[in-house]
Number of protein chains: 2
Amino acid sequence: MQLTRQSEYAIRTILELSSLPEGEFIQSRTVSVRQELPERFLNKTVQILARAGLVETRRGMQGGIRLAVKPEAITIADVVGVVEGKIAINPCLADGYHCANRSECRVRGILNRAQEAMLAELGRENFAGLAGNDIAEEAV
Amino acid sequence: MQLTRQSEYAIRTILELSSLPEGEFIQSRTVSVRQELPERFLNKTVQILARAGLVETRRGMQGGIRLAVKPEAITIADVVGVVEGKIAINPCLADGYHCANRSECRVRGILNRAQEAMLAELGRENFAGLAGNDIAEEAV
DNA sequence: CTAAAACAGGATAAATACAATCTAATTACT
DNA sequence: AGTAATTAGATTGTATTTATCCTGTTTTAG
């Protein structure tokens with residue numbers, strides 16, 4: 001019942017990128033050093049974020065990575081969803097799962113509500129606020 | 001980000017026990033057959049539940065297992081907590097974890113709230129209600 | 001145009017954790 | 001005693017997670 005380490009790495013990467021001036025690139029190596037993350041593994045994670053359209057990459061000298069969308073538009077729920085795929089805290093909540101008494105199962109109902117409650121919290125605040133560069137930060 | 005299968009087995013076991021007449025024993029083998037759970041693995045799970053004081057066991061002929069407390073006093077959160085230990089959806093939320101800026105970390109704050117929200121839902125309803133032998137069931 | 005910088009991506013290895021099984025022992029009832 | 005049931009530790013099997021390696025491709029500085 002834990003997020004993977006890769007999810008945390010991704011969160012910290014997005015957090016790092018969110019605190020940069022808009023449009024600026026930073027090398028993934030720098031992220032790995034600053035956040036003390038294993039460099040090669042982080043590269044994989046960045047690829048996932050890039051394929052999902054959260055991060056933009058540029059190769060070659062002066063290359064690096066940056067957000068592909070505004071930090072205001074990204075939440076922890078988004079990042080975790082990208083890295084781990086659609087979340088299902090129990091197999092019976094996953095898409096395509098078949099269970100005879102799926103509809104009447106009260107356990108499933110509770111698990112579902114618990115999952116929704118968790119995801120709601122993970123999606124409540126965006127990375128502008130998390131990175132502390134949100135204008136309304138004081139008002140939160 | 002999933003409960004272990006063992007957690008689900010435990011939930012289904014408690015559910016099965018909750019629907020029995022109070023005080024009655026049932027063999028763990030019967031539970032494994034009815035719920036289609038691997039018998040030997042379920043035995044392990046029952047042991048965990050027994051050590052935690054949720055289930056009572058009796059050996060020998062006419063033996064079996066039964067709830068050690070009333071179904072009203074058990075929630076899914078309890079069962080999962082027993083099987084998986086204290087839940088921490090990220091290492092930084094676990095007891096004894098040390099992190100320099102633990103206090104100001106806003107990510108940690110969100111993860112914590114998400115976890116609490118989930119646990120609150122998992123603890124909202126008890127097994128009397130879940131097993132359908134709750135007087136107030138219709139009113140839920 | 002070439003060399004270096006930086007990401008891309010597949011393959012693979014190492015480490016963990018999860019799930020399941022096996023064997024033998026203990027307990028309790030008849 | 002004999003049988004039925006749980007107890008417990010050891011062990012095996014499997015899947016997932018984490019991490020690394022190597023080679024390739026793109027970009028740009030010089």
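Each chain gets a letter, A, B and so on, in the order the sequences are listed, and its residues count up from 1.
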Return yes if some donor-acceptor pair links the side-chain N/O of B:E121 with the main-chain N/O of A:L111 below 3.5 Å, else return no.
-> no
Do side-chain atoms of A:R58 reach the backbone of A:F25 as a donor and acceptor pair under 3.5 angstrom?
-> no
Interatomic distance where [atom1] belongs to [X] and [atom2] belongs to [N] [whole Å]:
| X | N | atom1 | atom2 | value |
| --- | --- | --- | --- | --- |
| A:F41 | C:dT16 | CZ | C1' | 13 Å |
| A:L37 | D:dA19 | CG | C1' | 13 Å |
| B:L42 | C:dT21 | CG | P | 12 Å |
| B:I48 | D:dT7 | CD1 | P | 12 Å |
| A:L3 | D:dT18 | CG | C1' | 15 Å |
| A:N43 | C:dC7 | CG | P | 6 Å |
| A:R59 | D:dA29 | CZ | P | 17 Å |
| B:R40 | C:dT23 | CZ | P | 8 Å |

Going by modelled atom types, is there a donor-acceptor pair between the base of D:dT17 and the side chain of A:R5 at under 3.5 Å?
->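 Check fails, no donor-acceptor contact within cut-off.
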Check whether any side-chain N or O of [X] sits under 4.0 Å from OP1 or OP2 of [N], and answer yes or no.
| X | N | result |
| --- | --- | --- |
| A:Q27 | C:dA6 | yes |
| B:T4 | C:dC18 | no |
| B:R58 | D:dA5 | no |
| A:S28 | C:dC7 | yes |
| B:Y9 | C:dA20 | yes |
| B:T57 | D:dT7 | yes |
| A:R29 | C:dA5 | no |

Would you indicate whether the side-chain heavy atoms of B:R108 and B:L93 approach each other to under 4.5 Å?
->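 Contact flag for B:L93/B:R108 side chains = yes.
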Looking only at heavy atoms, the pair that brings B:S28 and B:V46 closest together is CB-CG2, 4.4 Å
Where A:L37 and A:Y9 come nearest, the two heavy atoms and their spacing = CD2-CD2, 3.5 Å
Sugar-phosphate only, base, or nothing, as touched by A:F25 at under 4.0 Å among non-hydrogen atoms = nothing
With sugar-phosphate meaning primed atoms plus P, OP1 and OP2, does B:Q47 contact a base, only sugar-phosphate, or nothing at under 4.0 Å between heavy atoms?
-> base
For the helix from C:dC1-D:dG30 to C:dT30-D:dA1, what angle lies between the axis at the first five pairs and the axis at the last five pairs, to 10 degrees?
->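 One end's axis against the other's: 10°.
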Under a 4.0 Å N-O cut-off, is there an ion pair linking B:R12 with B:E16?
->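 No, B:R12 and B:E16 are not salt-bridged.
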Hydrophobic cluster identity match, B:Y97 and A:L3, side-chain contacts under 4.5 Å |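 No, no single cluster joins them.
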Taking the side chain of A:K44 as its heavy atoms from C-beta onward, which of C:dG9, D:dT7, C:dA19 lies nearest to it?
-> C:dG9
I would like to know whether B:L67 and B:F127 meet side-chain contact (heavy atoms from CB on, under 4.5 Å); could you show each step before the answer?
-> CA-CA 11 Å; B:L67 291 185; B:F127 273 88; over 6 Å; no
Let me know, please, whether A:E84 or A:M61 comes out on the 5' side of the other along DNA chain D by nearest nucleotide.
->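 Nearest-nucleotide comparison on DNA chain D picks A:E84.
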